[in-house]
Undergrad: 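Structure provided below as structure tokens; questions to follow.
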Amino acid sequence: MPRLNLKKAAYLQRHLAGKVITVDDFNKPVRYVGGVDVAYKRRVGIGVATLLEYDSMRLVEYKHYITEVDVPYVPTFLAFREIPPMVGAIERLEKKPDIVLVDAHGLVHPRGLGAASHIGVVLDIPTIGVAKSPLVGKVDEDGYIVYKGRRVGYKLGPRLYVSIGHRVSLETAIEIVKNTLRNSVPEPTRLAHIYANKVKKEMDKES
DNA sequence: GCGACAG
DNA sequence: ATCTTGTCGC
Ligand SMILES: [Mg+2]
């Protein structure tokens with residue numbers, strides 16, 4: 001059942017954390033921004049990836065990927081639960097996003113590898129972590145999330161925490177997320193969340 | 001050792 | 001995140 005060896009999982013996270021790139025390394029100017037989220041129906045995960053035009057925040061396309069999820073949710077190990085459905089959905093996109101917003105933390109993590117960074121390193125794509133609640137660290141007077149003496153993220157709102165995922169600097173990540181806001185909520189992940197739940201409800205009718 | 005703890 | 005319908009209010 002719980003196929004998750006926390007000992008090995010933590011080791012893998014520390015290993016991959018060393019591969020996280022914290023400087024801008026993506027196509028500029030950004031044309032397409034992606035967003036990913038996952039909804040669940042029992043043990044079935046429904047991952048959704050959206051792709052929007054950066055300048056207009058208009059949805060261009062979105063795809064979903066359904067897969068069985070046997071890994072339980074364990075704080076700081078979220079990636080092992082959500083990466084499969086998220087990756088499946090991202091790979092189904094016809095166009096490729098220049099950077100992807102992930103509904104989770106990136107560098108704001110005990111071992112420096114939240115799900116947003118984990119996905120970025122594994123797929124080698126630029127990512128940004130956009131979480132709705134804190135995980136670690138303290139917010140200083142300027143809004144930066146400080147953890148172990150390092151500025152790992154930024155609190156953009158009461159329910160919005162931004163952090164480096166992969167191949168992007170914190171300042172650039174903050175700027176990009178700001179440009180995707182609609183009523184204080186990142187549009188790419190907001191839509192991914194909505195579509196994931198829509199697919200889920202379709203499944204409810206049947207089973 | 002105790003408590004916190006993304007989604 | 002999920003379980004779960006209707007209902008109050010703009
Ligand atoms: Mg989510």
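Letters A, B, ... are given to chains in the order of the sequence lines, protein chains preceding strands, and every chain is numbered from 1.
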Undergrad: Contact boundaries of DNA chain B with chain A (under 4.0 Å, heavy atoms), 5' to 3'?
TA: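 Going 5' to 3' along DNA chain B, contacts run dC5(B) to dG7(B).
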Undergrad: Just by distance, do the side chain of Thr50(A) and the backbone of Pro188(A) share a donor-acceptor pair under 3.5 Å?
TA: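 Here the side-chain-to-backbone pair exists.
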Undergrad: Can you give the dot-bracket line for DNA chain C, using ( ) for pairs inside the strand, [ ] for pairs that cross earlier ones, | for pairs with another strand and . for unpaired bases, where Watson-Crick and G-U count if both distances are under 3.5 Å?
TA: ..........
Undergrad: Between Asp98(A) (side chain only) and Tyr32(A) (backbone N and O only), is there a donor and an acceptor less than 3.5 Å apart?
TA: yes
Undergrad: Specify the closest pair of heavy atoms between Asp70(A) and Arg43(A), including all atoms of both residues, with the distance to one decimal.
TA: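 Heavy-atom minimum between the residues: O-NH2, 3.4 Å.
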Undergrad: Please check if any side-chain donor atom of Glu82(A) sits under 3.5 Å from a side-chain acceptor atom of Tyr40(A), or the reverse.
TA: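 Looking only at side-chain atoms, Tyr40(A) and Glu82(A) do form a donor-acceptor pair, the distance falling under 3.5 Å.
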Undergrad: Give the dot-bracket line for DNA chain B from 5' end to 3' end: parentheses for intra-strand Watson-Crick or G-U pairs under 3.5 Å, square brackets for crossings, | for inter-strand pairing, dots for unpaired.
TA: .......
Undergrad: Between Lys200(A) and dA1(C), is there a contact of a side-chain N or O with OP1 or OP2 at under 4.0 Å?
TA: no
Undergrad: Do any N or O atoms from the side chain of His64(A) and from the backbone of Ala89(A) form a donor-acceptor pair under 3.5 angstrom?
TA: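 No; judged by distance alone, with no hydrogens or angles, the pair does not exist.
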Undergrad: If the test is side chain to side chain donor-acceptor pair (under 3.5 Å), which one of His193(A), Arg190(A), Lys132(A) qualifies with Asp103(A)?
TA: Lys132(A)
Undergrad: What side-chain donor-acceptor pairs closer than 3.5 Å can you find for residues 112-130 of chain A, not counting sequence neighbours?
TA:
unit_1    : atom_1 : unit_2    : atom_2 : d
Ser117(A) : OG     : Ile164(A) : O      : 3.4
Ser117(A) : OG     : Gly165(A) : O      : 2.7
Asp124(A) : OD1    : Arg167(A) : NH1    : 3.4
Thr127(A) : OG1    : Ala116(A) : O      : 2.8
Thr127(A) : OG1    : His166(A) : N      : 3.1

Undergrad: Any N/O pairs under 3.5 Å between the protein and nucleotides 6-10 of chain C? List them or say none.
TA:
none

Undergrad: Just so I know, are the side chains of Phe77(A) and Arg111(A) near enough to count as touching, which here means a heavy-atom distance under 4.5 Å?
TA: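 In contact.
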Undergrad: Take Glu94(A) and Lys63(A) through the salt bridge (charged side-chain N to carboxylate O under 4.0 Å, His left out) test and state the conclusion after the steps.
TA: CA-CA 9 Å; Glu94(A) 293 173 25; Lys63(A) 294 287 187 298; 3.6 Å; yes
Undergrad: By the 4.0 Å heavy-atom rule, please label Phe77(A) as base, sugar-phosphate, or nothing.
TA: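 The residue Phe77(A) makes base contact.
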Undergrad: In terms of heavy-atom contacts, does OH of Tyr65(A) have more than 12 from other residues, nucleotides or ligands at under 6.0 Å?
TA: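 It does not: Tyr65(A) OH has 12 such atoms or fewer within range.
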Undergrad: What's Tyr40(A) touching, base or sugar-phosphate or nothing? Going by heavy atoms closer than 4.0 Å.
TA: sugar-phosphate
Undergrad: Round to a whole Å and report the spacing from CD of Glu82(A) to C1' of dA1(C).
TA: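 Whole-Å distance recorded here is 8 Å.
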Undergrad: Under a 4.5 Å cut-off applied to non-hydrogen side-chain atoms, are Met203(A) and Ile46(A) in contact?
TA: yes
Undergrad: Within a radius of less than 6.0 Å around NZ of Lys96(A), do more than 12 heavy atoms belonging to other residues, nucleotides or ligands occur?
TA: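 Yes, the 6.0 Å shell around NZ holds more than 12 heavy atoms from other groups.
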Undergrad: Listed in order of residue number, which residues of residues 105-138 of chain A have a non-hydrogen atom at under 4.0 Å from DNA chain B?
TA: His105(A), His109(A), Gly114(A), Ala115(A), Ala131(A), Lys132(A), Ser133(A), Pro134(A), Leu135(A)
Undergrad: May I ask you to establish whether Lys28(A) and Phe26(A) are in a cation-pi arrangement, using a distance under 6.0 Å from NZ or CZ to the six-membered ring centre and at most 45° from the ring axis?
TA: yes
Undergrad: Rounding to an integer number of Å, can you tell me how far Arg43(A) CZ sits from dA1(C) P?
TA: 19 Å
Undergrad: Separation of Arg42(A) atom CZ from dA1(C) atom C1', in whole Å?
TA: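 So the CZ-C1' distance, Arg42(A) to dA1(C), works out to 14 Å.
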Undergrad: Roughly, in whole Å, what's the span from CZ in Phe80(A) to C1' in dA1(C)?
TA: 18 Å
Undergrad: Any side-chain donor-acceptor pair under 3.5 Å between Thr189(A) and Asp37(A)?
TA: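 No donor-acceptor contact under 3.5 Å links the two side chains.
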Undergrad: For the pair Asn183(A) (side chain) and Val185(A) (backbone), establish whether a donor and an acceptor sit closer than 3.5 Å, ignoring hydrogens and angles.
TA: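 Pair absent, no side-chain N/O of Asn183(A) close to backbone of Val185(A).
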Undergrad: May I ask you to test the Ile176(A)-Tyr54(A) pair for a side-chain heavy-atom distance under 4.5 Å?
TA: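 Side chain of Ile176(A) against side chain of Tyr54(A), heavy atoms only: contact under 4.5 Å found.
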